[in-house]
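Okay, structure first, notes after.
Letters A, B, ... are given to chains in the order of the sequence lines, protein chains preceding strands, and every chain is numbered from 1.
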Amino acid sequence: MIRQYDKIKDMDLSFETKLVDHKINEMDTGRDLTQCICHVDMDAFYASVEELDDPSLKEIPMAVGGMHMLCTSNYKARQFGVRSAMPGYLALKLCPQLKIIPLHFPKYRAASAKVRAIFAKYDPSFLPMSLDEAYLNLTNYLSTSELTPEQLVQQIRDEIQQETQLTASAGIAANRMLAKICSDFNKPNGQYFLPMEREAIMKFTSNLSIRKVSGVGRVTERVLQTLDVKTCGDILHRRAILYRLLSPISFQFMLKCYLGLGSTNFNLESDRKSISVERTFSALSKPDDLYRKVDELAELLAVDLGRNQIQGGKTVGIKLKLTSFDVRVRSKTYPSYISKKEDIARIVKELVQKELPVSIRLMGIRLSSLPPKVDDDHGVKKYFKKRKNTDAGEEQPRKISTVPSSPVSVLTSTSVTPDTHLTASIAANENAPSIVAVTCPICSRSLALDNHQFNQHLDECLNKVTVKAILQQQQQNQSPPQDQTQGRSLLDYYR
DNA sequence: CATCGAAGGACCC
DNA sequence: AGCCAGGGTCCTTCGTGA
């Protein structure tokens, strides 16, 4: 798939560059710098809570979790390289004297509740992401106080420490994406303030490793690395290439990274989409053993369903991790909601049966297509919420994403072979400042212009029409372009 | 052909 | 100095009903 890149990399991408620049400009000027968002992250949360109960743990390397996997480690243990999300056996190799404490969720929940009570004082609609992490919108509070954002956040963190004896780190910035990154900057017991100003933000992102952005993991990092993109600032130089290579959604995401854009609203009305249980065990392959596991899991899931007040789900799915570590996911959707333990078990067994013979080390079962949450009000309020949601999303993740054809179609649709067409005209212009007949790829008009005029025309055209409108127009005017770029998703590069 | 369901992944905490 | 566990979300692609 790198071949796709090789093909593109030597091409003339001046048109793409223009198109992207226009898009960047649009996004840049639409920037919202009015909000003050804070991301608070408790330091080594589970481990710190355990240390509260047993202060002697502070003096030794310690981690919380199980032999299979650790959730957190204290800072003593981190000196040995013991990190969270590390299997216990490996951690013990790194640090033989490591003490591993089992999880005590009720304790963590209690500590979390105290912290959240503090958050609520400063932002009643704060957004908890997990027990130890939350976003706060401090804009309102700041408007009624003399404090600077930094002073206010210091105050919040002091309060947390007084109330719980636990320390927190925080990031303060114009949106969630930036605040999240900032909270990592002065990690244990510190905070970082990124002013809500364009210049400061652009400077910040220009040298920021792309990997710091939430949503960019190992795979994406590697793919981008092969495209010479290491920092958010690098995205600008590679914008045309990225535009050609990535899906609209991925590309939009890249531009946001470059510009330091992120969402500021917390009302993501997130009812859950699925509920599941899964367990790892020593290899099983006998059907009877598998079915017994199914019964166990179905039982657990049914209990969970009840505890979460979920009526049921229309889609029943299984996940099998083979002893080879390959993963198989299967699912089936029904017209009515499935909720009873027996029904779940029966359907799951059918799904499992089709996979036989298998030897697996993990089995998971899942219910999705859950019923919409009916929060006891009729019509009006729901309608209101919906509206609020859509108009608040002025910078939602998928703006150009609804375009079914690829962005490349802008190019491919106008003339038979637009690339050669464009480059031909430009090449001609190099030889002499002659006037060449070209077809504008945007408005589809035939033009007799020299290179400079043509570029000017492009600018005008781009300013008049939004990218979306362009694409729509192209779509209805043109026959479907034969698109040789199939895999523009990041993931495709991996194969 | 717009939609949906299924499968496969990446990623997050 | 290996990618694990368990609970999720979201994105993408493909195939199939219309």
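Both tests do not hold together for A:Lys121 against A:Phe119: distance to the six-membered ring centre under 6.0 Å, angle to the ring axis within 45°.
Taking atom CG of A:Leu92 as the reference point, atom P of C:dA1 lies 18 Å away to the nearest angstrom. If you measure from atom CZ of A:Arg222 to atom P of B:dG9, you get 16 Å, rounded to the nearest angstrom. To the nearest angstrom, P of C:dA5 lies 9 Å from CE of A:Met69. When rounded to the nearest whole Å, the span between CD of A:Glu278 and P of C:dG7 equals 6 Å. Note: CZ (A:Phe253) to C1' (B:dA10) measures 11 Å, nearest angstrom. What separates CE of A:Met67 from C1' of C:dC4 is a distance of 13 Å, to the nearest Å. Put simply, CE on A:Met86 is 10 Å from C1' on C:dC4, counting in whole angstrom units. In this entry the distance linking CG of A:Leu246 with P of C:dT13 reads 11 Å, nearest Å.
Proximity of A:Thr333 to the phosphate of B:dG5: no side-chain N or O atom is located under 4.0 Å from OP1 or OP2. Side-chain N/O atoms of A:Ser331 include one lying less than 4.0 angstrom from OP1 or OP2 on B:dA7. In this structure, A:Ser250 reaches the C:dT12 phosphate: one of its side-chain N or O atoms is under 4.0 Å from OP1 or OP2. Remark: A:Thr280 is in phosphate contact with C:dG6, judged by side-chain N or O atoms under 4.0 Å from OP1 or OP2. Applying the 4.0 Å criterion to OP1 and OP2 of C:dA5, one finds that A:Lys321 has a side-chain N or O inside that range. A close approach under 4.0 Å does occur between a side-chain nitrogen or oxygen of A:Ser274 and OP1 or OP2 of C:dT9. OP1 and OP2 of C:dG6 both lie 4.0 Å or more from every side-chain N or O belonging to A:Ser276. A:Arg330 has a side-chain polar atom (N or O) that falls below the 4.0 Å cut-off from OP1 or OP2 of B:dG8. One finds a side-chain N or O of A:Lys273 lying less than 4.0 angstrom from the OP1 or OP2 phosphate oxygen of C:dC10. Within the 4.0 Å cut-off from OP1 or OP2 of C:dG7, at least one side-chain nitrogen or oxygen of A:Arg279 is found. Residue A:Arg361 has a polar side-chain atom (N or O) positioned under 4.0 Å from OP1 or OP2 of C:dA5.
Here the rule is salt bridge (charged side-chain N to carboxylate O under 4.0 Å, His left out) with A:Glu299, and of A:Lys341, A:Arg292, A:Lys340, A:Arg279 only A:Lys341 fits it. Paired with A:Ile338 under the rule side chain to side chain contact (heavy atoms under 4.5 Å, CB included), one option of A:Thr315, A:Val316, A:Leu305 passes, and it is A:Val316.
A:Leu70 comes within contact range of no nucleotide atom at all, as no heavy-atom separation falls under 4.0 Å. Residue contacts shown for A:Gly217 are limited to sugar-phosphate atoms, with no base heavy atom under 4.0 Å away. A:Leu131 comes within 4.0 angstrom of nothing in the nucleic acid, heavy atoms only.
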Can A:Arg176 and A:Ser263 be said to form a side chain to side chain donor-acceptor pair (under 3.5 Å), step by step?
CA-CA 6 Å; A:Arg176 276 165 53 190; A:Ser263 87; 3.3 Å; yes

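For A:Val277, counting side-chain heavy atoms from C-beta on, the closest listed nucleotide (C:dA5, C:dG7, C:dC3) is C:dG7. With B:dC11, C:dA5, C:dA1 as the choices, the nucleotide that has an atom nearest any side-chain atom of A:Leu94 turns out to be C:dA1. Of the candidate nucleotides C:dG7, C:dT9, B:dC11, B:dC11 has the atom lying nearest to any side-chain atom of A:Val219. Here the nucleotide nearest the side chain of A:Ser214, chosen from B:dC12, C:dC3, B:dC11, is B:dC12. Checking C:dC4, C:dA5, C:dT12 against every side-chain atom of A:Pro87, the shortest atom distance belongs to C:dC4. Distances were taken from every side-chain heavy atom of A:Thr220 (C-beta onward) to each of C:dT12, B:dC11, C:dA5; the shortest belongs to B:dC11.
Separating the C1' atom of C:dC3 from that of B:dG9 is a span of 14 Å, rounded to the nearest Å.
Around NZ of A:Lys99, the count of heavy atoms belonging to other residues, nucleotides or ligands within 6.0 Å does not exceed 12.
The aromatic rings of A:Tyr46 and A:Tyr108 sit parallel to each other, their planes meeting at less than 30°, with 60° as the upper class boundary.
Of the residues near DNA chain C, A:Lys93 and A:Leu362, the one whose nearest nucleotide (by heavy atom distance) lies more toward the 5' end is A:Lys93.
In this structure, A:Phe185 has its ring center no closer than 6.0 Å to that of A:Phe193.
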